[in-house]
Amino acid sequence: MSWVHFNLIAFLLVVGYSVYLFVHLLYSRMTFIKLGRAVDKKGAPRSFKAFWVNVFGQKKLLKDRKSGIMHIVLFYGFILVQFGAVDLIWKGLKPRSHLPLGAAYPYFLLLQEIVVMSILLAIFYAWYRRNIEKLERLKRGWKANLVVWLITTLMVSTFLSEGFEIVYLHSEELNFRYTQPIASTIAIGLSSIGSSVAGVLFYIFWWVHLLTLLFFLVYIPQGKHAHLIFASYNWLMKDKTRPPGKLSTIDFEKSEEEGAEEFGVGRIEGFTQNQLIDLYACVECGRCTNMCPASVTGKTLSPMELIVKMRDHLTEKGAAITGRTPWMPATVFKETNGNMLAMQAQAASESNSEAAASKEDGKINSFPELNIPYDVSLIGNVITEEELWACTTCRNCEDQCPVGNEHVGHIIDMRRYLVMTEGQIPTDAQRALNNIERQSNPWGINRKDRIKWREGMEELVPTVKEVEKFEYLFFVGSMGSFDNRSIKLTRSFVRVMKKAGIKFAILGNEEKNSGDTARRLGNELLFQELAMENIENIQKYNVKKIVTMDPHAYNTFKHEYPEFGLEDVEVYHHTELLLKWLNEGCIKPKNEVKERVTFHDSCYIGRYNDIYDAPRQILSSIPGLNLVEMERSGCDSMCCGAGGGMMWQEENQGKRVNIERTEQALAVNPTTIASSCPYCLTMLSDGTKAKEVEDEVQTLDMVEILEKSL
């Protein structure tokens with residue numbers, strides 16, 4: 001048998017075994033994902049634009065421009081270099097031959113050298129950022145650096161293989177080749193080793209390249225680079241009609257018919273299959289944690305670690321349920337928890353199958369659900385309650401995630417389980433929910449006092465019962481109705497609407513809490529009850545347009561109420577209408593407001609509804625006003641700390657979120673901190689008081705500043 005035939009047989013055996021391991025690993029993880037609840041989305045329109053923009057355009061990665069450019073080089077470089085890998089493998093299997101590209105082959109070699117060198121430079125920069133620059137969001141250690149060394153080995157072995165091949169086959173005519181500048185330089189430098197030694201070294205590095213490539217293949221499903229498979233699918237499966245951050249809905253009637261005893265998600269298999277794909281799509285880049293207000297201020301929650309811990313839990317529990325070995329080769333990883341659980345499950349399956357086969361009546365299923373000891377609970381052992389209650393639902397994590405993961409939905413589903421199944425909720429949050437249920441506001445103030453804020457303005461602020469026609473229903477919200485500071489915003493907006501000649505009305509004491517707080521705190525049942533009551537009132541008065549100053553109510557009305565029957569109603573945030581009235585000339589700023597203003601973006605207006613320009617255009621239209629941006633503004637704006645029901649809870653860990661955000665605002669030396677949300681304004685006002693600068697820096701809603709100029 002010739003060396004060429006022996007090499008071919010060894011190649012086929014190694015490649016065959018590697019492909020078998022890859023298929024086994026990929027199938028195992030797909031099996032684990034299928035343990036989740038199936039959701040019928042066959043008719044849902046897919047977001048192909050999001051797929052192309054974020055997978056091939058790498059849009060989210062470019063939020064960190066340096067890392068983004070580096071990743072683009074690696075992404076496209078790795079695609080292109082695979083053609084070179086095929087060519088190199090071809091050369092090893094059939095010496096003195098190569099890809100049949102004709103006259104274009106020399107230029108193909110030049111392109112490959114450029115690509116390989118670009119990848120080497122990019123991977124060096126990746127190593128530098130992780131280990132020398134030491135970006136806080138990036139993990140370090142051998143596991144984190146493994147891919148760096150794998151890619152480096154692939155690229156270096158490519159150059160060495162090509163260089164030794166030149167000496168091996170063309171030792172008599174060694175010269176510099178402009179189509180292989182690096183490989184030919186290596187060949188010239190090593191020409192003294194001779195053709196025979198060069199041939200041996202060629203095959204040594206050929207095998208190094210091949211084995212590294214196959215190692216990479218087997219490693220991908222087992223590490224964070226599983227995102228190469230699952231991230232693309234994640235983006236492709238997004239329903240483009242679903243608004244950002246929209247939570248799933250529990251059908252309580254259907255659950256009652258089915259005799260459900262659990263609400264929310266308390267077990268990993270309780271998530272949907274699409275949610276479980278998120279876990280394997282995670283690339284562990286830390287961008288989510290780097291921007292998370294809870295993590296930044298020293299809370300237990302790290303969005304990345306939450307996903308990683310859930311992923312590892314799914315892998316182990318999946319092995320226990322299915323008997324599929326999650327780590328391969330199995331003999332190498334036999335001591336891992338996942339593989340041991342899989343072996344126990346396989347043994348249990350065989351035992352049950354034998355017992356079933358021995359029964360004459362044949363009624364016992366030969367493949368029963370496996371039942372082996374696995375006393376690891378999702379909430380408690382894997383994810384702590386402290387992590388779940390630290391989330392402000394700001395979606396900064398989701399906005400940053402390059403693979404489209406939706407962390408907030410996972411957290412709210414687990415909160416629902418704690419609240420509606422286990423009855424476990426922080427005392428402050430429970431008090432707020434009780435007050436909302438009894439009095440339709442978080443403070444527990446008498447519901448009949450909801451309309452008291454308009455005292456002295458009755459002629460300016462009619463209720464729906466007091467007028468025959470109106471264009472807008474002004475949904476005041478609980479903050480605007482009961483909170484003393486927020487009432488000033490409400491009254492200011494009313495005066496501006498009157499100056500603009502807008503016909504509006506309020507529900508008065510018929511208005512209910514929007515339900516946003518209840519839903520984000522996990523009480524889905526209370527949210528749905530409030531939603532139905534509000535929708536009934538809106539429909540009773542034939543409302544066609546709604547305006548609110550509360551971003552949470554705005555998001556809920558616009559994106560969540562339609563699922564419960566709110567149809568053919570336009571919903572506006574006051575910033576949208578103020579800009580519209582400015583453009584139409586209904587209101588005209590003329591008085592100078594000589595203030596240095598920095599604007600804080602509300603999460604529920606910004607990341608949830610993509611409204612960033614309107615408030616800035618309004619402020620920019622005011623004479624004398626100097627608008628300055630914080631370092632974290634726009635889509636990167638940091639949460640004030642009030643979202644997700646956190647307005648009604650005390651922060652018991654780390655630094656207060658509103659203090660951190662206030663310090664970010666003060667860093668640009670403003671005379672005024674502006675917002676467009678009563679929750680944000682309250683948190684920022686408390687922040688300036690805590691920093692003892694309330695006399696030097698005022699906190700105002702954007703409409704208050706605008707009114708000064710009218």
Side-chain angles (χ1 to χ4, degrees), residues 2-8 10-11 14-15 70 73-128 132 145 147-216:
S2 68
W3 160 251
V4 173
H5 291 97
F6 177 80
N7 192 55
L8 176 61
F11 168 81
V14 171
V15 171
M70 175 266 291
V73 172
L74 290 175
F75 178 79
Y76 282 103
F78 223 72
I79 292 174
L80 293 172
V81 84
Q82 298 315 306
F83 296 100
V86 172
D87 182 52
L88 182 59
I89 291 169
W90 184 310
K91 292 175 179 177
L93 296 177
K94 191 177 181 181
R96 301 183 184 279
S97 180
H98 55 70
L99 287 177
L101 298 177
Y105 184 70
Y107 303 101
F108 168 79
L109 291 176
L110 177 61
L111 175 63
Q112 285 299 309
E113 290 221 348
I114 293 172
V115 170
V116 170
M117 181 52 68
S118 299
I119 292 174
L120 274 174
L121 292 173
I123 206 64
F124 173 77
Y125 183 63
W127 174 84
Y128 173 83
I132 304 300
N145 283 290
V147 171
V148 172
W149 299 120
L150 287 175
I151 294 176
T152 301
T153 301
L154 281 173
M155 299 306 108
V156 171
S157 61
T158 297
F159 280 138
L160 291 174
S161 296
E162 295 286 357
F164 285 124
E165 189 213 21
I166 293 173
V167 179
Y168 172 41
L169 300 178
H170 308 284
S171 59
E172 296 179 357
E173 46 185 50
L174 290 176
N175 49 52
F176 180 81
R177 302 182 180 187
Y178 74 91
T179 58
Q180 287 181 283
I182 297 174
S184 62
T185 300
I186 291 172
I188 293 170
L190 298 173
S191 59
S192 61
I193 63 175
S195 176
S196 299
V197 175
V200 172
L201 290 173
F202 164 73
Y203 275 102
I204 287 175
F205 284 101
W206 184 87
W207 273 102
V208 167
H209 186 87
L210 177 64
L211 292 174
T212 304
L213 199 61
L214 295 176
F215 181 91
F216 213 143

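Of the possible polar contacts, none joining the Asn7 side chain to the Leu93 backbone as a donor-acceptor pair under 3.5 Å is found. A donor-acceptor contact shorter than 3.5 Å links the side chain of Glu113 to the backbone of Ile182. The closest donor-acceptor contact from the side chain of Ser184 to the backbone of Phe176 lies at 3.5 Å or more, if one exists at all. Judged by distance alone, the side chain of Ser157 and the main-chain N or O of Leu154 form a donor-acceptor pair under 3.5 Å. Of the possible donor and acceptor atoms, none in the side chain of Asp87 sits under 3.5 Å from a partner among the backbone N and O of His98. The backbone N or O of Leu80 sits less than 3.5 Å from a side-chain atom of Gln112, completing a donor-acceptor pair. Checking side-chain atoms of Tyr105 against main-chain N and O of Pro100 turns up no donor-acceptor pair under 3.5 Å.
Considering all non-hydrogen atoms of both residues, Ala122 and Met70 come closest at O-CG, 3.4 Å. Across all their heavy atoms, Tyr203 and Lys91 have their closest contact at OH-O, 4.3 Å.
Looking only at side-chain heavy atoms (C-beta outward), Val115 and Phe78 stay at 4.5 Å or farther from each other. Side-chain contact check for Ile193 versus Phe164: some heavy-atom pair is nearer than 4.5 Å. Side-chain contact between Ile89 and Trp206 is present, with heavy atoms from C-beta onward closer than 4.5 Å.
Considering CD1 of Ile151 and CD1 of Ile123, their distance stands at 3.5 Å, rounded to 0.5 Å. The line from OG of Ser195 to CD1 of Ile166 is 13.0 Å long, rounded to the nearest 0.5 Å. For the atom pair CG (Leu174) and CG (Leu190), the distance works out to 10.0 Å, reported to the nearest 0.5 Å.
Applying the side-chain contact (heavy atoms from CB on, under 4.5 Å) criterion to Ser196, with sequence neighbours excluded, gives no partner residue.
Aromatic rings of Phe6 and Phe11 (six-membered ring for Trp) have centroids beyond the 6.0 Å cut-off, not under it.
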